[in-house]
Amino acid sequence: MKSKNSGMKIAVILTIIILGALTVLVVINSESKNVESEVKLLPTEGQPILGAANAPVTVVEFGDFKCPSCKAWGETIFPRLVSEYVDTGKVKFSYINVLFHGEESKLGSIAAESVLKNFPDAYWDFHKGLFKEQPSQNHDALWINQEKILEVASGVPGIDVDKLKTDIEQQSDLETVNKDTELVEEFKVQQTPTIIINGIMLEDPFDYEKIKTHIEKELEGNQL
């Protein structure tokens, strides 16, 4: 009887140890998913820049014109970021094209790069205008085409629509778009939008309080 009781005690103890170990693994795994990743500083030369060129903090978005989450980020988080940090000279914002949705993503990116190169003052209005045309439902619908792009461009002052049309047809800025794709691969971007703040890749791009925390930390570091 004593031997049987000893065996049961050992089994109970082993069970407790195993459960405890599993709990620790779950906690560690959960915490690791919530830790932002450190990456090297991302070069923004040649990319669209919004804000003061000498701003101490750089926020980069990897985005896709076909991505519903990118549109949502641009409508909810981006205006707050601009109001609090870009317009006050603390942050400069940059955007890098991602082609996760294939040919439509590529077409929109080629058009955006053409606008940036030829009509830089009109870039951000075109950028916002193209995102605005993204359907709120049926996200898989084919909507980025030359006709839609030129329609958006015609509503933005300063864009020569004929020049843009020629660039789209000749894919004049495909090489520039391909350089963005190289950055997507180099920085192992897995989702859009992906947000990087001075070399810190955020886990949740929609956590504005976390965005503010990282920006404020970087601002404090620049004051030391």
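Along the sequence shown, residues are numbered consecutively beginning with 1.
Under the side chain to side chain contact (heavy atoms under 4.5 Å, CB included) criterion, Ser154 pairs with Val161, sequence neighbours left out. Remark: Lys179 pairs with no residue by the salt bridge (Lys or Arg N to Asp or Glu O under 4.0 Å) rule, at least two apart or across chains. By the salt bridge (Lys or Arg N to Asp or Glu O under 4.0 Å) test, Glu186 is found to be paired with Lys40, residues two or more places apart in sequence or in another chain being considered. When the side chain to side chain donor-acceptor pair (under 3.5 Å) test is applied to Asp180, the partners found at least two apart in sequence or on another chain are Gln47, Asn97. With sequence neighbours excluded, the residues forming a side chain to side chain donor-acceptor pair (under 3.5 Å) with Lys163 are Asp167, listed by chain and number. Remark: Ala72 engages Phe206 in a side chain to side chain contact (heavy atoms under 4.5 Å, CB included) (not counting sequence neighbours). Applying the side chain to side chain contact (heavy atoms under 4.5 Å, CB included) criterion to Pro68, with sequence neighbours excluded, gives Gln134, His139. With sequence neighbours excluded, the residues satisfying side chain to side chain contact (heavy atoms under 4.5 Å, CB included) with Gln146 are Leu150, Lys165, Ile168, Glu169.
Summarising the geometry of Pro157 relative to Gly155, their closest heavy-atom pair is CD-O, 3.7 Å, with the distance given to 0.1 Å. Shown here for Cys70 and Pro193, the closest heavy-atom pair between the two residues is SG-N, 3.6 Å. For Pro43 against Glu45, the heavy-atom pair with the smallest separation is CB-OE1, 3.4 Å. Smallest separation of non-hydrogen atoms from Trp143 and Phe65: CZ2-O, 3.4 Å. Looking at every heavy atom in both residues, Ala122 comes nearest to Ile159 through CB-CG1, 3.7 Å. Shortest non-hydrogen contact noted between Ala111 and Leu164 is O-CD1, 3.7 Å.
Each salt bridge (Lys or Arg N to Asp or Glu O under 4.0 Å) pair with one or both residues in residues 74-90, not counting sequence neighbours, appears once here: Glu84-Lys212. For residues 57-70, the set of pairs meeting the salt bridge (Lys or Arg N to Asp or Glu O under 4.0 Å) definition, not counting sequence neighbours, comprises Lys66-Glu104.
In this structure, Trp73 contributes its side chain and Pro205 its backbone to a donor-acceptor pair below 3.5 Å. Between the side chain of Tyr95 and the main chain of Gly63, a donor-acceptor pair closer than 3.5 Å is present. Looking at Thr58, its side chain never comes within 3.5 Å of a backbone N or O of Asn198 through a donor-acceptor pair.
Hydrophobic clustering, defined by side-chain heavy atoms of Ile, Leu, Val, Met, Phe, Trp and Tyr closer than 4.5 Å, groups Leu174 together with Leu99, Ile110, Val177.
Atom NZ in Lys210 sits 11.0 Å away from atom CD1 in Ile200 (nearest 0.5 Å). The NE2 atom of His214 sits 12.0 Å away from atom CD1 of Ile196, with the distance rounded to the nearest 0.5 Å. Taking OG of Ser114 as the reference point, atom CD of Gln171 lies at 12.0 Å (rounded to 0.5 Å). Note that CD1 of Ile96 is 13.0 Å distant from OG1 of Thr192, once rounded to the nearest 0.5 Å. Between atom CG of residue Leu81 and atom CG of residue Leu50 there is a gap of 9.0 Å, rounded to the nearest 0.5 Å. A distance of 12.0 Å separates OG in Ser172 from CD in Glu113, rounded to the nearest 0.5 Å.
Between Phe62 and Phe100, the gap from one ring centroid to the other reaches at least 6.0 Å.
Residues Val91 and Ile49 fall into different hydrophobic clusters, defined by Ile, Leu, Val, Met, Phe, Trp and Tyr side chains chained together at heavy-atom separations under 4.5 Å. Both Val60 and Val189 belong to a single network of hydrophobic side chains, linked directly or stepwise wherever heavy atoms of I, L, V, M, F, W or Y lie under 4.5 Å apart.
Proximity of Ser105 to Val98: side-chain heavy atoms (C-beta onward) are nowhere separated by under 4.5 Å. Within the 4.5 Å cutoff, no side-chain heavy atoms of Thr194 are placed close to those of Phe187. Using a 4.5 Å cut-off on side-chain heavy atoms (C-beta onward), Glu216 and Tyr85 make contact.
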Pair Glu220-Lys217, salt bridge (charged side-chain N to carboxylate O under 4.0 Å, His left out): steps then yes or no: CA-CA 5 Å; Glu220 289 175 8; Lys217 184 178 179 181; over 6 Å; no
Identify each donor-acceptor pair in which a side-chain atom of residues 126-133 lies under 3.5 Å from a protein atom, sequence neighbours left out, and give them as a table.
unit_1	atom_1	unit_2	atom_2	d
His127	ND1	Tyr123	OH	3.1
Glu133	OE1	Lys148	NZ	3.0

